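Okay, so here's the structure we're looking at.
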2 protein chains.
Amino acid sequence: MKKNRSHCPVNFALEIFGDKWTLLIIRDLILFNKKTYGELKNSPEGIATNILANRLSLLEKEGIVVKSKDPNNSKVNIYDLTPKGIDLIPVLLEMSIWGAHHDPNTAAPPAMVKKIETERAAVIAQIKAAIKDPSKNIFKNK
Amino acid sequence: MKKNRSHCPVNFALEIFGDKWTLLIIRDLILFNKKTYGELKNSPEGIATNILANRLSLLEKEGIVVKSKDPNNSKVNIYDLTPKGIDLIPVLLEMSIWGAHHDPNTAAPPAMVKKIETERAAVIAQIKAAIKDPSKNIFKNK
DNA sequence: CTTTTTACTTGCAAAACACAAGTAAATGTG
DNA sequence: CACATTTACTTGTGTTTTGCAAGTAAAAAG
């Protein structure tokens, strides 16, 4: 797709992650602290491997993730969020709130949704902390 | 596309508006108080007429907009947001903030971005008021 | 040295999209 | 009242993207 249909900020965002898969990858990176191709491939939605590879390279090109080699296992690549990627936390949280409210079969635990709504800033801080230290994650297996 | 890849709330949202056009239509309905096919068609991004018709029917099917005839001009159709559509305001605002921060050529006025960030609840209330009374709109021509 | 793991790439059919043109009903104009 | 215009789409066609299955390559494990 040719870019710059407009310089509306909503359009800018959609030109980068306006599809059915990119934000799911970002969700896994931000909320579930996934870091490798293999971990991302195993999400319940079942992304195709060519789509995953394509989206990761686009995200890298856009400066939302950076790719590096795992120092302990040089056949594993690590995808880390940049500040530009970390700034997507509020977008993901608002989409979560909307989805939880309007999907009658949502898997989102009501207590977690309420916590996001009432303690927004604290939850964002907690997610940022977990990006640096995954043991602090509050979403895993939710 | 077959639905229900998962019941993650983020995925639920993406299955409805995970593409390059749907949220742009919702932006126009929410932020610019557009109401007709013709108004939506004239957005700067230049949506194709078949895509617009398709997305409007999907949004109607999902209960995000309702279609009715303009009582003053029966050849014009009016698309109104439902509460489910109005609940997307925070998603749009967060995407706007992100886009404004990370697009070096953004068209978003810095004062407006700052206002959204610092007076979030008031801005949301103002947008809701403008949905009922477009003369209260603070985004038009921005 | 062979097998397994990890991260992709390739090929191909199906679906979605973009663009141009056409249709139909309601309204405005002479 | 005939004719042009406006509004809201629909249709056709070629291109692009997606989805699925299979294959490849390099590093690590056995």
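Values in this document were obtained by computation on a predicted structure and should not be read as measured data. Chain letters run A, B, ... following the sequence lines, proteins first, then strands; residues in each count from 1.
Regarding Asp70(A), its CG atom lies at a distance of 13 Å from the C1' atom of dA28(D), rounded to whole Å. For the pair Leu52(A) CG and dG19(D) P, the computed distance is 12 Å after rounding to whole Å. Lys41(B) places its NZ atom 11 Å from the P atom of dC9(D), with the value rounded to the nearest Å. One can place CD of Glu45(A) at 16 Å from C1' of dG19(D), the figure rounded to the nearest angstrom. Note: CD1 (Ile25(A)) to P (dA7(C)) measures 14 Å, nearest angstrom. Following rounding to the nearest Å, Glu15(A) (CD) and dC17(C) (C1') show an atom-to-atom distance of 15 Å.
Within 4.0 Å (heavy atoms only), Asn54(B) reaches no atom of the nucleic acid at all. Within the nucleic acid shown, Asn50(A) comes within 4.0 Å of at least one base atom, counting heavy atoms only. Across all strands, Lys67(B) comes closer than 4.0 Å only to sugar-phosphate atoms, never to a base (heavy-atom distances).
No side-chain heavy atom of Glu45(B) sits under 4.5 Å from any side-chain heavy atom of Lys20(B).
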> Can you check salt bridge (charged side-chain N to carboxylate O under 4.0 Å, His left out) on Lys140(A) and Glu39(A), steps first, answer last?
Replying inline: CA-CA 13 Å; Lys140(A) 251 168 192 165; Glu39(A) 287 172 340; over 6 Å; no
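For dT9(C), the OP1/OP2 oxygens have no side-chain nitrogen or oxygen of Tyr37(A) closer than 4.0 Å. One finds a side-chain N or O of Arg55(B) lying less than 4.0 angstrom from the OP1 or OP2 phosphate oxygen of dC17(C). Neither OP1 nor OP2 of dT6(C) sits under 4.0 Å from any side-chain N or O of Tyr79(A).
Side-chain atoms of Thr49(A) come within donor-acceptor range of the base of dT9(C), with a qualifying N/O pair under 3.5 Å.
Between Ile51(A) and Glu39(B), the residue whose closest nucleotide on DNA chain D is further toward the 5' end is Glu39(B).
Of all nucleotides listed (dC8(C), dA26(C), dA8(D)), dA26(C) comes nearest to the side chain of Lys75(B). For Ser74(A), counting side-chain heavy atoms from C-beta on, the closest listed nucleotide (dC9(D), dA28(D), dT6(D)) is dA28(D). The Trp21(B) side chain lies nearest to dA18(C) when the options are dT6(C), dA18(C), dA7(C).
Remark: the Thr36(A) side chain and the Lys41(A) side chain contain no N/O donor-acceptor pair separated by less than 3.5 Å. Side-chain polar atoms of Asp87(B) and His102(A) form a donor-acceptor pair below 3.5 angstrom.
Taking the charged nitrogens against the carboxylate oxygens, Glu60(A) and Arg55(A) have no contact shorter than 4.0 Å, which rules out a salt bridge.
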